[in-house]
Structures are given as structure tokens and as C-alpha cells.
Amino acid sequence: MKKMQIDKGGIKFVFGGADVMCPGLTSPGGKMDDVKKDQVVAITAEGKENALAIGYTLMSSEEM
């Protein structure tokens, strides 16, 4: 499964039910695999070993 990594600052927001936003993926600490629109991805967090959520992309990594 492709992975999208958010920065540390986004962890509490995702746990609170927020959507993952582009700034959390494109900032230092964020990482993105090459993904297409509507692809299922594992959401991981900077400095953490396990995924914290499963989601799907509304945009491709190229658009982000």
C-alpha cells in the first residue's frame, strides 16, 4: 500500500477527525509516495512506526 506521511504537527488533528491537508504532506517532515487520484493510502506520521489512518486521495501527488 502506498504511504503518505504527515508532519508531527498534524497527528493530533488527524486523531481528532480532521482531513489530511496538503501543507501537512508538503512541509518538512511530510513525505508522499507517487499516487494517483482516488487511490487508497496508509497515513503515517513523522517519527512514528505504524500507520495512524487509512484513507484515499482526492488529488494525485503531482497535483499536491
Side-chain angles (χ1 to χ4, degrees):
M1 181 178 291
K2 299 283 187 168
K3 296 180 184 176
M4 305 296 261
Q5 178 178 297
I6 61 171
D7 60 17
K8 289 181 182 179
I11 296 171
K12 65 181 175 183
F13 297 107
V14 173
F15 280 150
D19 292 335
V20 175
M21 303 291 184
C22 292
L25 297 169
T26 59
S27 67
K31 294 181 185 174
M32 295 184 285
D33 286 347
D34 187 31
V35 296
K36 298 176 183 174
K37 182 181 177 187
D38 297 321
Q39 186 168 353
V40 176
V41 294
I43 309 298
T44 62
E46 176 183 15
K48 303 298 180 187
E49 183 177 338
N50 300 310
L52 58 103
I54 301 293
Y56 67 95
T57 57
L58 297 176
M59 306 166 83
S60 69
S61 55
E62 186 176 304
E63 292 174 299
M64 290 183 224

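In the hydrophobic cluster analysis, where Ile, Leu, Val, Met, Phe, Trp and Tyr join through side-chain heavy atoms closer than 4.5 angstrom, Leu25 is grouped apart from Met21.
Cluster partners of Met1, using a side-chain heavy-atom cutoff of under 4.5 Å among ILVMFWY residues and allowing indirect links, are Val40, Ile54.
Note that the CE atom of Met4 and the CG atom of Asp33 stand 7.5 Å from one another [nearest 0.5 Å]. The line from NZ of Lys37 to CG of Leu58 is 7.5 Å long, rounded to the nearest 0.5 Å. Between the OG atom of Ser60 and the CE atom of Met32 there is a distance of 9.0 Å, given to the nearest 0.5 Å. How far CG of Asp19 is from CD1 of Ile43: 10.0 Å, rounded to the nearest 0.5 Å.
Shown here for Val20 and Ile6, the closest heavy-atom pair between the two residues is CG1-CG2, 3.6 Å. Nearest heavy atoms, Gln39 versus Lys36: OE1-N, 2.9 Å. Between Met64 and Cys22, the closest heavy-atom pair is CG-SG, 3.7 Å. Between Asp7 and Glu46 the shortest heavy-atom distance is CA-OE1, 3.6 Å.
Thr44 places none of its side-chain heavy atoms less than 4.5 Å from the side chain of Leu52.
Within a 6.0 Å radius of NZ in Lys2, other residues, nucleotides and ligands contribute more than 12 heavy atoms. For Glu62, the CD atom counts as loosely surrounded, since its 6.0 Å shell holds 12 or fewer non-hydrogen atoms of other residues, nucleotides or ligands.
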